[in-house]
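Contents: one structure, followed by commentary.
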Amino acid sequence: MLHLTFDVKIERPRGTRDFLPDEMEKRRAIERVMRRIAESYGYREVLTPTFEHLELFTIKSGEGIVEEIYAFKDKGGRDLALRPELTAPVMRMFVNECTGMPKPLRFYYFANCFRYERPQRGRYREFWQFGVELIGSNSYLADVEVISLSYEIMKTLKLKFDLHIGHVGLLRHVLRDLDEKKAERIMRLIDKKDVENLDRFLDEIGRTELKDVIYTLMELVGGLDVLDEAKEIVRDFDFSYIERVAQTLESLDVEFKVDLGIARGLDYYTGIVFEAYAEGLGAQNQICGGGSYRLAHLFGGEDTPATGFALGFDRIAEICEIDVERPKKVVVVSFKGLEIEAWRIANMLRDKAVVVTDVMERSVKRQLSYANDIDADYAVIVGERELKEGKVTIKNLRTMEQRTVKMEELLSEL
RNA sequence: GCCCGGAUAGCUCAGGGGUAGAGCGCAGGACUGUGGAUCCUGUCGUCCCGGGUUCGAGUCCCGGUCCGGGCCCCA
């Protein structure tokens with residue numbers, strides 16, 4: 001045991017967290033639900049490196065993104081970055097190693113990501129994402145599957161959320177004759193619902209005639225009938241894809257709103273996009289985001305359709321009230337000199353329960369007191385008198401009942 | 001990068017110029033064959049850092065650091 005103290009107390013780096021046992025048990029319980037459901041749809045887990053070449057993330061998002069990334073040079077002078085998300089790494093992995101696998105591919109991941117941003121509630125510099133990617137299909141059924149899967153996970157976790165589904169193609173279509181920079185800026189403002197600046201910007205670039213269409217689309221949030229209204233406004237766009245997705249989801253009893261104003265900051269989305277928002281999280285209320293996208297060709301592969309989503313695990317953990325099942329906990333209490341007997345009995349019981357023994361050479365009283373403190377279900381008391389007859393005492397710490405039983409009967413008593 | 005709030009014991013916090021505090025926790029005892037209650041004892045501090053004002057500064061002033069919340073941004 002060291003008894004050194006140092007002048008400087010070392011604290012957690014900014015935007016990181018420590019997870020104590022109670023919280024880890026809850027997080028693991030949530031994680032198990034997510035994994036179980038994803039696996040039941042045929043998704044299999046993958047894991048990519050914690051850091052990648054910086055380029056992987058700048059290819060699609062531009063150099064500006066570096067400000068928000070943990071980027072660094074390694075000792076060989078390579079530009080690397082801690083992954084800020086997992087879609088790009090998974091697609092990189094797909095291009096590198098999976099192009100020969102039978103399509104469609106169903107992958108899921110659960111891993112930590114890093115962003116260099118000002119932390120606030122629901123936003124940390126190290127955070128966890130659970131997500132899936134369905135690679136190789138351009139059918140509407142792929143979008144339907146991925147959306148249903150995310151919906152089922154959130155429902156099973158009893159989250160209160162609103163699921164919004166849109167199509168970026170529509171806004172892109174409306175803005176098709178603008179140059180990319182202007183279109184991008186408008187998409188951003190739409191995503192933020194910042195009408196004031198949007199208005200000013202459209203005036204600035206002299207495209208006031210777009211206002212009506214854009215503002216109307218932004219307000220179009222609701223049931224399937226929203227699509228009919230949109231058709232009236234944008235006559236030369238093909239709504240059949242989103243219509244099929246929406247109708248199919250509705251017949252599968254997925255509750256959602258059509259929201260043609262979803263733009264999403266990412267520019268690699270190409271078709272259906274969806275987001276889920278939860279109550280009780282403050283400003284950072286988005287718990288799920290996804291859609292269909294094209295990335296493979298950017299990483300040197302064949303142009304491959306893909307669709308997926310990522311769940312904000314930490315935000316979900318914050319609002320989710322899941323019942324954590326704890327295994328039975330037994331404390332084997334021993335009188336002085338019977339420690340080895342206690343160990344033997346503990347080892348015998350470990351198949352069936354969590355078993356702890358005294359490692360502080362404390363009195364029986366203190367051992368029981370400790371059993372109570374750690375919320376144990378049973379105490380098994382090992383004493384000389386019982387031991388002579390091959391027996392031990394088992395005490396139910398909840399009901400205070402206690403019985404002396406033969407060693408062989410002990411297992412069935414729990 | 002901007003705005004607001006905070007930093008005192010392991011934790012939660014009080015104290016706003018005059019001896020460093022409470023509750024909880026932790027360890028032990030009262031009670032050497034039985035937990036939760038009670039009581040007692042013990043443990044615990046560069047009062048974030050630097051400078052200034054003052055006879056005297058956790059306390060007031062200035063500067064800084066860090067943390068949190070809200071913006072910006074958000075893959």
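What's counted below: heavy atoms across the whole structure, side chains too, no hydrogens, waters or symmetry copies. Letters A, B, ... are given to chains in the order of the sequence lines, protein chains preceding strands, and every chain is numbered from 1. Not measured: the values here are computed from a predicted model.
Taking atom P in both B:rC73 and B:rG17, one finds a spacing of 43 Å when rounded to whole Å. Rounded to whole Å, the C1' atom of B:rA75 lies 50 Å from the corresponding atom of B:rU43. Rounded to whole Å, the separation between the P atoms of B:rC39 and B:rU19 comes to 29 Å. Taking the P atoms as reference points, B:rC4 lies 46 Å from B:rU38, given to the whole Å. Separation of the P atoms belonging to B:rG16 and B:rG51 is 26 Å when rounded to the nearest angstrom. Remark: the separation of the C1' atoms in B:rC31 and B:rU46 is 42 Å, to the nearest Å. Across the P atoms, B:rG64 and B:rC71 are found 26 Å apart, a figure rounded to whole Å. Comparing B:rC13 with B:rU53, their C1' atoms sit 29 Å apart, to the nearest whole Å.
Side-chain N/O atoms of A:Arg121 include none lying less than 4.0 angstrom from OP1 or OP2 on B:rG69. OP1 and OP2 of B:rC73 both lie 4.0 Å or more from every side-chain N or O belonging to A:Arg118. Look at A:Gln120 and you'll find a side-chain N or O under 4.0 angstrom from OP1 or OP2 of B:rG70.
A donor-acceptor pair is defined here as one N or O able to donate and one able to accept, closer than 3.5 Å; such a pair exists between the side chain of A:Glu339 and the backbone of A:Gly337. Side chain of A:Arg315 to backbone of A:Gln286: a donor-acceptor contact under 3.5 angstrom is found. Using modelled atom types, one side-chain atom of A:Lys329 and one backbone atom of A:Ile374 make a donor-acceptor pair closer than 3.5 Å.
Between B:rA27, B:rC74, B:rA75, one nucleotide has an atom nearer to the side chain of A:Glu85 than all others, and that is B:rA75. The A:Thr393 side chain lies nearest to B:rG33 when the options are B:rG70, B:rA27, B:rG33.
Checking A:Leu252, A:Thr307, A:Leu249 one by one against A:Ile147, the side chain to side chain contact (heavy atoms under 4.5 Å, CB included) holds for a single residue, A:Leu249.
Look at CD on A:Glu126: it is 20 Å from P on B:rA75, rounded to the nearest Å. Nucleotide B:rC74 holds its P atom 16 Å from the CG atom of A:Asn285, rounded to whole Å. A straight line from CZ of A:Arg17 to C1' of B:rC67 spans 15 Å, rounded to a whole angstrom. In this structure, CD of A:Glu389 is placed 15 Å from C1' of B:rG33, rounded to the nearest angstrom. Between the NZ atom of A:Lys388 and the P atom of B:rG33 there is a distance of 14 Å, rounded to whole Å. The interatomic distance linking A:Ile374 (CD1) with B:rC26 (C1') rounds to 15 Å, in whole Å. For the pair A:Ile381 CD1 and B:rG33 P, the computed distance is 12 Å after rounding to whole Å. The distance from atom CZ of A:Phe114 to atom P of B:rA75 is 19 Å, rounded to the nearest whole Å.
A 6.0 Å sphere centred on CZ of A:Arg14 holds more than 12 heavy atoms belonging to other residues, nucleotides or ligands. A 6.0 Å sphere centred on CD of A:Glu55 holds no more than 12 heavy atoms belonging to other residues, nucleotides or ligands.
Among the atoms of the strands shown, none is found under 4.0 Å from any heavy atom of A:Gln367. Nucleic acid contact class of A:Gln129 (heavy atoms, under 4.0 Å, all strands): none.
Between A:Tyr151 and A:Phe161, the two ring planes are perpendicular [angle over 60°; tilted spans 30° to 60°]. By the 30° and 60° cut-offs, the orientation of the rings of A:Phe110 relative to A:Phe130 is tilted. Between A:Phe237 and A:Phe239, the ring-plane angle classifies as perpendicular under the 30° and 60° cut-offs.
Scanning RNA chain B for stems, defined as runs of 3 or more consecutive Watson-Crick or G-U wobble pairs whose donor-acceptor distances all fall under 3.5 Å, gives the following ranges: B:1-7 with B:65-71, B:10-13 with B:21-24, B:25-30 with B:38-43, B:48-52 with B:60-64.
Between A:Ile69 and A:Arg12, the residue anchored nearer the 5' end of RNA chain B, judged by the nucleotide with its closest heavy atom, is A:Arg12.
With hydrogens and angles ignored, no donor-acceptor pair under 3.5 angstrom links the side chain of A:Arg115 to the base of B:rC74.
More than 90° away from 0 lies the glycosidic angle of B:rG56, which makes this nucleotide anti. B:rG58 has its base syn relative to the sugar, with a glycosidic angle deviating from 0 by at most 90°.
In this structure, A:Arg118 CZ and A:Arg123 CZ are separated by 10.5 Å, a value rounded to the nearest 0.5 Å.
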Whether each nucleotide of nucleotides 35-45 of chain B has a protein heavy atom under 4.0 Å at its base (B), only at its sugar-phosphate (S) or at neither (-) is summarised, 5' to 3', as BB---------
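No salt bridge links A:Arg326 with A:Asp377; every basic N to acidic carboxylate O contact stays at or beyond 4.0 Å.
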